[in-house]
Number of protein chains: 4
Amino acid sequence: MNGYQLEGIYSPIATAFDENGALALDELRWNVRRWNEAELAGFVVMGSNGEFPHLTDEEQVMITRAVAEEVSADKYLVAGTGTLSTESTVSRTQRAAEAGADAAMVLPPYYYRPGMGARELEEHYVHVAEESPIPIILYNIPQFAAVELDVSLVAKLSHHPNILGLKDSGGNVMQMGRCVSDSADEFSVMAGSAGYLLPAMTMGCSGGVVALANIAPGECVRLYNLIRAGQWEEAMQLQEQVLLLVHAVTIRYGISGLKAAMDLLGYYGGNPRPPLLPLGPEGRKEIEDLLDDFGLL
Amino acid sequence: MNGYQLEGIYSPIATAFDENGALALDELRWNVRRWNEAELAGFVVMGSNGEFPHLTDEEQVMITRAVAEEVSADKYLVAGTGTLSTESTVSRTQRAAEAGADAAMVLPPYYYRPGMGARELEEHYVHVAEESPIPIILYNIPQFAAVELDVSLVAKLSHHPNILGLKDSGGNVMQMGRCVSDSADEFSVMAGSAGYLLPAMTMGCSGGVVALANIAPGECVRLYNLIRAGQWEEAMQLQEQVLLLVHAVTIRYGISGLKAAMDLLGYYGGNPRPPLLPLGPEGRKEIEDLLDDFGLL
Amino acid sequence: MNGYQLEGIYSPIATAFDENGALALDELRWNVRRWNEAELAGFVVMGSNGEFPHLTDEEQVMITRAVAEEVSADKYLVAGTGTLSTESTVSRTQRAAEAGADAAMVLPPYYYRPGMGARELEEHYVHVAEESPIPIILYNIPQFAAVELDVSLVAKLSHHPNILGLKDSGGNVMQMGRCVSDSADEFSVMAGSAGYLLPAMTMGCSGGVVALANIAPGECVRLYNLIRAGQWEEAMQLQEQVLLLVHAVTIRYGISGLKAAMDLLGYYGGNPRPPLLPLGPEGRKEIEDLLDDFGLL
Amino acid sequence: MNGYQLEGIYSPIATAFDENGALALDELRWNVRRWNEAELAGFVVMGSNGEFPHLTDEEQVMITRAVAEEVSADKYLVAGTGTLSTESTVSRTQRAAEAGADAAMVLPPYYYRPGMGARELEEHYVHVAEESPIPIILYNIPQFAAVELDVSLVAKLSHHPNILGLKDSGGNVMQMGRCVSDSADEFSVMAGSAGYLLPAMTMGCSGGVVALANIAPGECVRLYNLIRAGQWEEAMQLQEQVLLLVHAVTIRYGISGLKAAMDLLGYYGGNPRPPLLPLGPEGRKEIEDLLDDFGLL
């Protein structure tokens with residue numbers, strides 16, 4: 001293990017596409033340079049938010065390479081590399097490492113769901129961790145990949161020298177707390193949304209990988225810093241605002257909402273790739289009003 | 001509205017049965033006198049933990065009356081009165097009020113689940129609130145009553161003058177936070193388990209209705225007080241221990257586990273009524289070891 | 001065992017309420033006399049369709065007694081008696097027997113869902129069967145009572161001398177087929193809806209307990225007879241029409257839809273009890289058009 | 001539309017891997033030549049059973065080409081081409097057509113599940129159908145791809161000239177029946193398992209795409225022929241046996257069980273690719289006994 005500790009705020013960055021749907025690497029680089037200015041601990045490319053299911057293998061390498069070139073030296077670069085098979089997860093992870101990723105975030109294989117027992121999942125993750133030149137971060141997101149990483153599996157895998165931590169997007173803080181308690185000391189559990197960063201950190205999470213950092217990285221970092229500094233009252237107030245923003249933008253409207261908000265805030269947002277559809281005018285108006293209320297415009 | 005504010009720790013107390021399965025009111029009274037010594041804000045009779053589905057209407061009145069006679073003057077008495085029909089919820093609530101309950105906790109009707117739309121649920125709760133001589137507390141517990149009270153319904157009902165608050169046992173702190181944000185100012189949201197009391201209170205909950213208070217009322221109150229006093233580090237440490245205890249006793253073994261723990265800790269526990277089955281010897285041994293580790297024995 | 005075999009079409013009859021929501025026994029009796037004219041094998045009172053969750057214990061006895069007095073001699077009378085506790089299921093079953101029911105249909109206790117393991121459910125049903133003076137029919141309806149009776153439990157219970165059969169409303173014909181294969185020879189499996197009577201009977205079901213028999217008993221019996229007579233082509237054509245009717249009336253609009261259709265067809269329908277709400281004018285119009293299309297008006 | 005009608009039995013064939021996990025095309029060809037002897041209507045390559053999630057794009061082309069070369073002239077060749085994005089589904093479909101597939105079977109994109117509304121799914125399928133040189137077959141399999149194709153969507157898409165039919169593996173025969181009723185006349189609905197072929201065909205399905213045809217193609221065809229010939233009694237008897245076999249081999253043990261059975265029956269089975277694990281010795285013994293009981297060994 002390289003001794004890296006996951007902590008702070010990571011941004012699972014959106015992938016930029018041009019109006020024809022082609023990869024817009026310059027726009028992505030431009031976004032990254034701007035995000036670099038915030039005190040983020042790092043970036044995640046090809047997370048759920050980065051539309052990994054809509055990217056070819058080659059595009060994934062191009063994105064990793066481009067972001068690796070732009071990311072400031074103090075920031076950690078994680079690549080989402082989980083696929084539906086063990087072998088392709090390994091090869092995608094190896095290519096991400098070559099392209100400059102510092103670590104790989106791996107969701108469980110989720111197609112043959114009834115067949116994904118404890119033994120299948122454990123063997124899968126151990127094999128990926130053994131074959132990967134970079135550390136692995138477990139990724140629990142049952143609302144999309146409809147397989148749950150349970151506490152006992154996480155606890156077992158946490159002792160593997162090449163498994164660094166868990167991003168838990170399930171939203172169940174009891175489960176996060178139990179993962180913290182039952183896992184190895186150096187293993188980190190990260191909240192999967194800014195919508196519950198504070199409660200998750202009271203359960204022992206060491207930070208978050210949060211979509212909101214695409215549009216409000218400063219606020220996310222400020223919330224994290226308030227918590228770390230023990231300024232709980234201020235943290236609670238900011239958390240309440242952040243929760244409403246998260247709900248309105250990313251939960252209600254998903255990636256389309258996030259990208260619309262990015263456009264409104266001077267980042268390059270653009271449209272998602274199909275089957276996701278761009279936000280209609282009413283949705284855009286609603287997001288605009290909301291960003292305005294929140295003082296972000 | 002009587003102006004009462006739900007806050008602090010309420011104990012949803014277990015119902016005592018003798019070895020033949022009959023109501024053991026003397027033992028219940030004895031437990032209540034002992035629980036009175038803790039700084040609990042109140043008790044809930046006939047909650048999920050009190051096995052309301054296993055009690056006749058008459059037994060429910062007897063329990064409410066007995067506890068009302070024993071409860072110390074500074075404590076609030078809530079009765080679970082939700083049934084599967086609007087009319088019987090009303091009559092059960094009225095009888096609970098006559099028997100001495102200060103408020104009624106009402107879960108949604110959950111048999112005709114696909115038919116429980118927003119309109120059905122709203123009309124149900126409004127009617128119950130109108131007909132009830134005592135304030136109503138909404139009760140969300142989708143893991144048992146498989147119908148979810150969503151944020152917009154809670155927000156709407158929160159403005160009713162005879163609806164006091166929500167006990168949310170769903171475990172989703174984002175939902176609790178949104179209920180706090182979107183509901184009327186004087187409306188309280190209470191965490192449904194000590195396993196997430198701290199994170200829930202960082203989201204604006206004003207306390208909890210927590211099964212653990214049956215066996216460790218002092219620890220629950222201490223956790224609440226640490227949070228209220230802003231002693232976050234100590235609160236986080238205690239929360240971690242409390243979470244493990246909650247998981248081991250009440251989540252893993254349910255009411256049977258809680259009753260076994262009560263017996264071990266000098267309360268009257270006894271057995272649940274069928275279809276629930278008493279804990280076997282291995283389960284009892286495990287709970288004993290755990291209470292010992294936690295320093296409760 | 002009394003040697004009775006469940007087969008043919010049973011009607012889970014709706015309960016009649018007057019405009020104030022009181023039990024309308026005369027209207028119910030009138031309906032039964034009319035239903036008697038069809039070649040139904042029997043009636044089920046206090047099934048899901050009979051709004052058992054909205055009825056007091058006393059009303060249930062009154063309904064059973066009234067229907068027992070009206071039902072023609074060749075028809076079997078089943079009473080739904082399942083509650084959330086073992087003891088009250090037993091007492092309700094005994095009272096149903098005294099009031100004239102020939103058998104009792106018992107759904108699983110469904111409140112403490114995570115606690116309803118194979119052992120709890122088996123002990124519950126065996127105890128109820130032992131204590132019941134009349135035979136028991138298992139009742140699987142996971143869309144309402146969110147606990148599933150699985151094949152191995154059904155197979156085990158099928159050998160009990162006082163357990164007669166299963167009404168399966170889950171809609172999974174593979175599960176029905178496996179229950180038929182794995183259960184005792186004299187045990188019957190009944191389809192829970194006319195919407196899949198033919199496919200269920202090709203899997204070995206011996207008939208159905210079907211809500212549609214409230215409004216179209218003749219059609220239901222005709223479908224059953226066509227299948228029994230091996231007139232498969234005619235059966236398939238009728239099944240297709242029946243499926244559309246079932247979907248439009250009972251699946252889409254539930255009990256409110258069924259009662260509206262009863263009113264339109266000259267039965268006494270009336271309104272359901274709250275929290276269920278009566279159908280609005282658009283829904284009524286839609287059902288009227290549909291019954292007209294089907295030639296029932 | 002080319003006027004092809006889906007009917008009869010199609011086999012979603014397993015993909016052969018050698019002991020190092022590499023594609024074993026010669027063994028696959030050998031299996032196909034043997035399967036050619038049965039009166040199957042066609043084959044599906046890269047269905048769920050063919051482990052499409054474990055295959056690279058190149059391997060998928062190689063498999064399609066190899067099977068296209070071996071398949072006898074009277075048989076139809078379908079390729080599973082659904083991915084998580086619209087664009088890659090289109091390109092995979094085009095390559096399958098070039099490699100010799102007669103049609104493409106397309107499951108819904110299932111990663112961003114909460115975002116897959118009616119509009120997203122409709123636009124996805126229409127775009128794929130427009131861009132595809134070969135007809136499209138819709139594929140509903142919610143137990144794996146956790147998104148449901150509902151009746152109204154299927155009905156709408158059924159009118160597209162390049163959409164041929166639906167394979168429904170959800171097991172809900174009412175849904176199949178409604179899809180048959182509500183869809184265009186020339187649109188076919190196929191049962192997704194031999195475990196419910198007879199009941200599905202009584203609801204208007206015109207055949208099945210059934211995993212069991214990998215190990216017992218003759219029995220599957222015989223069941224289909226009995227149904228078509230109106231020999232219902234014999235069909236019911238065979239269906240009961242087939243259901244037990246399907247449950248024991250493919251539902252209980254999945255692809256690993258199917259491949260073990262193939263080995264036992266003289267086909268080339270081999271192991272699945274990870275994360276799926278090969279069957280252990282006890283599982284193999286159980287399957288051997290079962291095939292023996294069924295008279296297949």
Side-chain angles (χ1 to χ4, degrees), chain B residues 17 20-22 48-49 51-59 82-92 107-117 119-128 141-147 250-257 272-278 280, chain C residues 17 20-22 48-49 51-59 82-92 107-117 119-128 141-147 250-257 272-278 280:
Chain B
F17 303 112
N20 301 315
S48 297
N49 225 50
E51 292 178 66
F52 76 84
H54 304 161
L55 299 168
T56 65
D57 285 358
E58 292 66 34
E59 288 174 331
T83 72
L84 299 171
S85 94
T86 305
E87 210 40 50
S88 67
T89 300
V90 166
S91 63
R92 208 176 254 190
L107 41 68
Y110 52 91
Y111 188 71
Y112 298 109
R113 295 187 285 139
M116 289 301 102
R119 204 160 65 89
E120 280 82 1
L121 290 172
E122 185 184 348
E123 294 203 11
H124 173 78
Y125 275 112
V126 167
H127 186 78
V128 171
I141 182 161
Q143 62 271 47
F144 292 158
V147 163
T250 66
I251 298 182
R252 186 143 173 219
Y253 290 113
I255 292 172
S256 309
R273 278 184 174 170
L276 294 180
L277 298 176
Chain C
F17 303 113
N20 301 314
S48 297
N49 226 50
E51 292 178 68
F52 75 86
H54 305 161
L55 299 168
T56 65
D57 286 358
E58 291 66 35
E59 288 174 331
T83 72
L84 299 171
S85 93
T86 305
E87 210 41 47
S88 67
T89 300
V90 166
S91 62
R92 209 174 254 190
L107 42 67
Y110 52 92
Y111 187 71
Y112 298 110
R113 295 186 285 137
M116 289 301 101
R119 204 160 65 89
E120 280 82 0
L121 291 172
E122 186 184 347
E123 293 203 12
H124 172 78
Y125 275 112
V126 167
H127 187 78
V128 171
I141 183 161
Q143 62 271 47
F144 291 159
V147 163
T250 66
I251 297 183
R252 185 143 173 218
Y253 290 114
I255 291 172
S256 310
R273 280 185 172 168
L276 294 179
L277 298 175

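Chain naming here is simple, since letters A, B, ... match the order of the sequence lines and numbering starts at 1 in each.
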Who wins among [options] for the most heavy-atom pairs under 4.5 Å with chain C?
{"options": "B:E51, B:Q143, B:H124", "value": "B:Q143"}
{"options": "B:E87, B:H127, B:R119", "value": "B:R119"}
{"options": "B:G117, B:P114, B:G254, B:S256", "value": "B:P114"}

Task: Atom pair OG1 (B:T83) and NE2 (C:H54), whose distance is rounded to the nearest 0.5 Å - done: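 Answer for the OG1-NE2 pair, B:T83 versus C:H54, is 8.5 Å.
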
Which portion of [X] sits near chain B, non-hydrogen atoms under 4.5 angstrom:
{"X": "C:S48", "value": "both"}
{"X": "C:P109", "value": "side chain"}
{"X": "C:R113", "value": "both"}
{"X": "C:I255", "value": "side chain"}
{"X": "C:Y125", "value": "neither"}
{"X": "C:L107", "value": "side chain"}
{"X": "C:I141", "value": "side chain"}

Task: Where B:P53 and C:L84 come nearest, the two heavy atoms and their spacing - done: CB-CB, 3.6 Å

- [ ] Over all heavy atoms of both residues, which pair between B:S85 and C:P275 is shortest? Give the atoms and the distance, please.
- [x] CA-CD, 3.8 Å

Task: Between C:E123, C:M116, C:E120, the one whose heavy-atom pairs under 4.5 Å with chain B are most numerous - done: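 Of the candidates given, the most pairs with chain B belong to C:E120.
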
- [ ] Give the ring-plane orientation class for B:F52 versus C:Y111, where under 30° counts as parallel, over 60° as perpendicular and anything between as tilted.
- [x] perpendicular

